[in-house]
Amino acid sequence: MTAETAAADLGTISRLTREWFVEHGRDLPWRQDGFGAWGILVSEIMLQQTPVVRVIPRLEQWLERWPTPASLASAAPGDAVRAWERLGYPRRALNLHAAATAITEHHGGVVPEDVPTLLALPGIGDYTARAVAAFAYGHRHPVVDTNVRRVIARAVLGQGEAGPPSTKRDLAAMEELLPRDLDAARATNAAVMELGALVCTARKPLCDECPIKQLCQWRAAGYPAYEGKRQATQKRFEGSDRQVRGLILAELRASDVPVTTDEIAQVWPDADQRERALSGLLTDGLAVQVDSEYELP
DNA sequence: TAGCCGTGGTC
DNA sequence: TGACCAAGGCT
């Protein structure tokens with residue numbers, strides 16, 4: 001295949017995916033016109049490693065309570081952790097509060113537009129910075145999440161799985177899929193992501209329904225099994241320190257007053273694990289000690 | 001960079 | 001039923 005043909009195919013992949021998106025993309029809250037940069041930022045933080053269906057109700061409550069960065073910044077960090085409820089990875093709530101504070105104090109209460117400034121905010125990494133710049137402000141940046149990585153691996157590279165993160169490779173590939181036009185570029189980012197979420201899924205991809213199956217390199221190769229490296233498998237959660245942290249934090253969230261070590265001892269039998277978990281929560285700022293008791297910050 | 005960080009749903 | 005997966009970030 002010549003370079004020209006390849007470039008043309010990338011353009012076709014991009015266009016077909018956008019056309020599919022217009023027809024099949026979900027009407028998610030953060031995609032509505034005028035949703036606002038703050039709402040999009042909050043949604044992106046909440047969506048980190050967390051399914052859409054669990055984010056939507058929490059996001060709506062969050063934005064009703066804290067409609068601006070300044071409003072969240074004026075709350076206690078612990079209120080953010082409590083309002084996070086059971087979304088998981090509660091340090092995200094703490095980071096979001098810290099980001100709101102930085103935005104209020106250093107950026108005039110307005111969510112920054114450019115990737116480097118966004119990256120400097122706590123809890124905002126490469127994906128989230130690009131997503132906010134692209135979706136909230138319409139900047140032309142490749143946005144690469146786990147869905148996009150999978151689509152690129154399959155459709156462009158002909159591999160069954162994305163394997164371990166390969167940021168440079170995937171950013172370059174996504175960059176090539178982005179049209180010059182700003183609106184079309186933003187739509188492409190959303191469309192490829194959505195294709196990975198709804199059709200080109202991790203387990204049972206719906207290849208028959210795929211708008212770019214004719215151009216998919218993985219399909220053309222006969223769906224070879226993935227042979228490359230894989231991401232390390234997650235450790236078992238049941239009985240882990242992570243579980244203990246979660247249980248202790250749930251105890252702190254549920255209480256209006258500081259919690260005693262005796263009360264914490266009720267949530268988990270193993271004292272060593274309790275100490276490790278509690279110490280970790282203190283280090284992370286998710287808990288603070290008052291005399292011999294503990295509470296949210 | 002590999003390991004850690006929650007929680008719940010799926011097959 | 002247990003492993004896998006989910007719009008990642010940080011160290």
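Every chain is numbered from 1 and lettered A, B, ... according to where its sequence line falls, protein lines coming before strand lines. For clarity, every value in this text was computed on a predicted model and none was experimentally measured.
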Give me the distance, rounded to whole Å, that separates [N] from [M] when you measure between the [atom1] atoms they each carry.
N      : M     : atom1 : result
B/dC4  : C/dC4 : P     : 16 Å
C/dA6  : B/dG6 : C1'   : 12 Å
B/dC11 : C/dA7 : P     : 15 Å
B/dT1  : C/dG8 : C1'   : 15 Å
C/dC5  : B/dC5 : C1'   : 16 Å

Classify [X] by what it touches in the nucleic acid, base, sugar-phosphate, or nothing, heavy-atom distance under 4.0 Å.
X        : result
A/Asp284 : nothing
A/Pro90  : sugar-phosphate
A/Leu249 : nothing
A/Arg31  : base
A/Leu94  : nothing
A/Gly125 : sugar-phosphate
A/Gln234 : base
A/Ala131 : nothing
A/Trp30  : base

Between [Y] and [X], is there a salt bridge with N-O shorter than 4.0 Å?
X        : Y        : result
A/Glu44  : A/Arg130 : no
A/Arg140 : A/Glu175 : yes
A/Arg150 : A/Glu161 : no
A/Arg245 : A/Asp284 : yes

Toward the 5' end of DNA chain B, by each residue's nearest nucleotide, A/Phe237 or A/Ala232: A/Ala232
5'-most by nearest nucleotide on DNA chain B - A/Lys235 or A/Gln243: A/Lys235
Just the rounded figure in Å: distance from [atom2] of [N] to [atom1] of [X].
X        : N     : atom1 : atom2 : result
A/Tyr127 : C/dA7 : OH    : C1'   : 4 Å
A/Arg91  : B/dG3 : CZ    : P     : 17 Å
A/Asp241 : B/dC5 : CG    : C1'   : 11 Å
A/Leu119 : C/dG8 : CG    : P     : 16 Å
A/Trp84  : B/dC5 : CH2   : P     : 18 Å
A/Asp170 : C/dA7 : CG    : P     : 15 Å
A/Arg149 : C/dC5 : CZ    : P     : 12 Å
A/Tyr89  : C/dA7 : OH    : P     : 13 Å

Check whether any side-chain nitrogen or oxygen of [X] sits under 4.0 Å from OP1 or OP2 of [N], and answer yes or no.
X        : N      : value
A/Lys204 : B/dC11 : no
A/Arg58  : B/dT7  : no
A/Gln49  : C/dG8  : yes
A/Arg86  : B/dG8  : yes
A/Arg245 : B/dG6  : yes
A/Thr128 : C/dG9  : yes

Should the pair A/Trp66 and A/Trp62 be assigned to parallel (<30°), tilted (30 to 60°) or perpendicular (>60°) ring geometry? perpendicular
I'd like to know whether A/Arg253 forms a salt bridge (charged side-chain N to carboxylate O under 4.0 Å, His left out) with A/Glu295, so could you lay out the CA-CA distance, the side-chain angles of the two residues, the decisive distance to 0.1 Å, and finally the verdict. CA-CA 8 Å; A/Arg253 274 201 311 262; A/Glu295 62 182 355; over 6 Å; no
Can we call the ring centroids of A/Trp218 and A/Tyr223 under 6.0 Å apart? yes
On DNA chain C, compare the nucleotides closest to A/Thr146 and A/Thr233; which residue's is nearer the 5' end? A/Thr233
Using heavy atoms to find the nearest nucleotide of DNA chain C for A/Val52 and A/Leu121 separately, return the residue whose nucleotide is more 5′. A/Val52
Quick one: does A/Thr50 reach the base of B/dG6 with a side-chain donor-acceptor pair under 3.5 Å? yes
Would the base of B/dG6 count as contacting A/Arg242 through its side chain, where contact means a donor and an acceptor less than 3.5 Å apart? yes
Min side-chain heavy-atom separation A/Trp268-A/Gln243 under 4.5 Å: yes
